[in-house]
Amino acid sequence: METPQRFSLFRYAAPHMFYPLAGKMAPWFLAIAGVLTLIGLYLGFFVAPTDAVQGEVYRVIFIHVPAAWMSMFVYLVMAFWSAVGVVFNTRLSAMMAQALAPTGAMFCFVALWTGALWGRPTWGAYWVWDARLTSQLLLLFLYFGFIALTRAIEDPRRADRAGAILSLVGALNVPVIYFSVKWWNTLHQGASVSLTKAPSMATTMLWSMLVMALAAWAYTIAVTLWRVRSLILERERHTEWVGEVLDAAGERA
Amino acid sequence: MNWGSWSEFWSMGGSAFFVWGSYGVAFALIAVELVLVLRRRKHVIHRLQKLRRAAKATAARKEIRQ
């Protein structure tokens, strides 16, 4: 008699269980990201009013803030997976961390780029060495460092470990970025959204920003799942199940 | 609705360069990332299939020799 399999999330910690699941989920998350982006852009450009102080240029906020949030959040998630990998020695965790890094770096760059373009008309400068900008630039270098380090080391076990240490140490930079506008009195404006205060911006502006942030989340999940699938195949290429996946892919082609 | 016409929309109150420069680069990077991720997958599958075929051939040759 067959014993019914009990459902457990931990089953998916095994690469050969996670691989097909990731493949099934990724397109859905990309579709969600697309729909949310369209809604967010519609709200941001056609519903949200012109800003009383900044005029139209403030509309950069709908891409700038979500990108900045994502760049910090992705780094923390990366550090989380690194910690899980170090503590429990699970293979998939390190792969997740490495799959997240390029997308985090992309969002970090977008945050800096859009910030520069927003800064020129509002502050009169593309770049200043203010605390938030500097710590955000450091975050970009931490991402690049993580990617370079994990790719430069041949032995995957050692690469995982080195990457984990870098991401855990680098995670200390994230609260510095986040609180920099409070700790130092600088050029960068304070947080527009706070958990303790009522939002200081118009509701439609806030909504379009939040919808864009959700879209960025869904996009990150989709791209990370696709990237981790390639990593899993590479790392597990000596196993029976990857052989089967490759044969099946060969028949389809 | 804040815009009287499309040209008014595209000019963004004179800030077109800053607004569209931000969105343009962001979406271009996202498109590039998607292409790279999908290309990498194809590349990995192709490379591993080659390795697998080579390994199978070596195994077959060994069997003939024995």
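Below, chains carry the letters A, B, ... as their sequence lines are ordered, and counting in each starts from 1.
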Structural part of [X] lying under 4.5 Å from a heavy atom of chain B:
| X | result |
| --- | --- |
| A/Ala48 | backbone |
| A/Tyr219 | side chain |
| A/Tyr42 | neither |
| A/Trp118 | neither |

Heavy-atom pairs under 4.5 Å with chain B, option from A/Val245, A/Val110, A/Leu30, A/Val57 with the top count: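 Ranked by heavy-atom pairs under 4.5 Å with chain B, first place is A/Val57.
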Most chain B-contacting option - heavy-atom pairs closer than 4.5 Å, from A/Leu231, A/Ile63, A/Leu41: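 Most heavy-atom pairs within the cutoff with chain B belong to A/Ile63.
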Test log, rule side chain to side chain donor-acceptor pair (under 3.5 Å), inputs A/Trp81 and A/Gln98: CA-CA 9 Å; A/Trp81 284 120; A/Gln98 281 163 36; over 6 Å; no
Chain A contact via B/Arg53 - side chain, backbone, both or neither, heavy atoms under 4.5 Å: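 For B/Arg53, neither part sits under 4.5 Å from chain A.
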Side chain, backbone, both or neither of B/Lys56 within contact of chain A (heavy atoms, under 4.5 Å):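 Answer is side chain: those atoms of B/Lys56 sit under 4.5 Å from chain A.
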Stepwise side chain to side chain donor-acceptor pair (under 3.5 Å) check, A/Thr50 with A/Glu56: CA-CA 6 Å; A/Thr50 305; A/Glu56 304 298 350; 2.9 Å; yes
Among B/Arg40, B/Glu33, B/Gln49, residue most engaged with chain A (heavy-atom pairs, under 4.5 Å):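 Sorted descending by pairs with chain A, the first entry is B/Glu33.
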Chain A contacts, top residue of B/Ile45, B/Leu36, B/Ile30 (heavy-atom pairs, under 4.5 Å):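 Most heavy-atom pairs under 4.5 Å with chain A: B/Ile30.
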Check: B/Phe18 main-chain N/O paired with B/Ser15 side-chain donor or acceptor under 3.5 Å: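 Checked: no pair found.
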Any donor-acceptor N or O pair under 3.5 Å, side chains A/Thr122, A/Gln54: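 The criterion, which ignores hydrogens and geometry beyond distance, is not satisfied for A/Gln54 and A/Thr122.
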Minimum heavy-atom distance between A/Met212 and A/Thr37, given as atom pair plus value: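 Between these two residues, the closest heavy atoms are SD-O, 3.9 Å.
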A/Trp241 and A/Tyr19 aromatic centres sub-6.0 Å: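 A/Trp241 vs A/Tyr19: aromatic centres under 6.0 Å.
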Salt-bridge criterion met for A/Asp51 and A/Arg59 (N-O under 4.0 Å):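 No, this pair does not count.
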